[in-house]
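Following: one structure in structure tokens, then a few remarks.
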Amino acid sequence: MKNFKNVFIALTTVFSMSAFSGGNSIGDVISALRAGNTTALAKYFDNTVEVSLPGKTATYSKGQCEAVLSDFFANNAVKSFSVIHQGESGGSQFCIGKLVTAGGTYRTTVNLKQRGEKQILQEIKFEKQ
């Protein structure tokens, strides 16, 4: 009976993680943020992405968004990114984290939405703390 309970807990954890990660999209986005890797983030961009940076919020095309975020990370070398909270709601995934850079600390929010078989990044916010 004890082995059954352990197997049940392990399977529940695996299924929860795979359902939550949506093919590990949010995990890939978190890894890209930790590395300041705009190219890896761009794999998940929607056709347009809302980007909020200190003093400016705008909606950009995929290419524009990649350029804007590349510039942001070039001016704010990433030291670390830690997840504060992440979750799922109605097929969408989100992550709130703390991005520590050479230029300061930012509360970072990322929103992904399910489109077909893929999670796509629709919004990313960097709020200076």
Asp46/Lys62 ion pair, N-O < 4.0 Å: no
Looking at Ser89 and Ser92, would you say the former's side chain and the latter's main chain have a donor-acceptor pair under 3.5 Å? no
Note: Lys125-Glu123 ion pair, threshold 4.0 Å (strictly below): yes
For Gln119 and Gly91, which heavy atoms make the closest approach, and how far apart are they? NE2-O, 3.2 Å
List the steps, then state whether side-chain contact (heavy atoms from CB on, under 4.5 Å) holds for Val49 with Thr59. CA-CA 5 Å; Val49 180; Thr59 301; over 6 Å; no
Under the side-chain contact (heavy atoms from CB on, under 4.5 Å) rule, what do Ile26 and Gln86 come out as? Steps first, then yes or no, please. CA-CA 9 Å; Ile26 196 76; Gln86 69 184 61; 4.1 Å; yes
List the steps and the verdict of side-chain contact (heavy atoms from CB on, under 4.5 Å) for Val29 and Leu112. CA-CA 10 Å; Val29 168; Leu112 293 95; 4.1 Å; yes
If every non-hydrogen atom of Val78 is compared with every non-hydrogen atom of Gly36, which pair is closest and at what distance? CG2-CA, 3.7 Å
Step-by-step side-chain contact (heavy atoms from CB on, under 4.5 Å) determination, Ile96 to Arg107: CA-CA 7 Å; Ile96 300 167; Arg107 178 180 171 91; 3.4 Å; yes
Point-to-point distance, once rounded to the nearest 0.5 Å, from CD of Glu50 to CG of Asn111: 9.0 Å
So do Ser61 and Asn47 actually touch side chain to side chain, heavy atoms under 4.5 Å? no
Is it the case that one hydrophobic cluster holds both Tyr44 and Phe126, taking links as side-chain heavy atoms less than 4.5 Å apart, direct or via other members? yes
Minimum-distance pair of heavy atoms, taken over all atoms of His85 and Phe94: CD2-CE1, 3.3 Å
Any link between Val100 and Phe81 through a network of hydrophobic side chains (Ile, Leu, Val, Met, Phe, Trp, Tyr) touching at under 4.5 Å? no
I'd like a table of donor-acceptor pairs (distance under 3.5 Å, sequence neighbours excluded) in which one partner is a side-chain atom from residues 65-72, with atom names and distances.
| residue | atom | partner | partner atom | Å |
| --- | --- | --- | --- | --- |
| Ser70 | OG | Glu66 | O | 2.9 |
| Asp71 | OD1 | Asn75 | ND2 | 3.3 |

So which atom in Arg115 and which in Gln122 form the shortest heavy-atom distance, rounded to 0.1 Å? NH2-NE2, 4.0 Å
Is Ile124 reachable from Ile120 through a run of hydrophobic residues whose side-chain heavy atoms are each under 4.5 Å from the next? no
What pair of heavy atoms forms the shortest contact from Leu99 to Leu33, and how long is it? CD1-O, 3.9 Å
Honestly, is Lys98 close enough over Tyr106, meaning NZ or CZ under 6.0 Å from the six-membered ring centre and within 45° of the axis? no
For Lys79 versus Ala102, what's the shortest heavy-atom pair and its separation? CE-CA, 3.9 Å
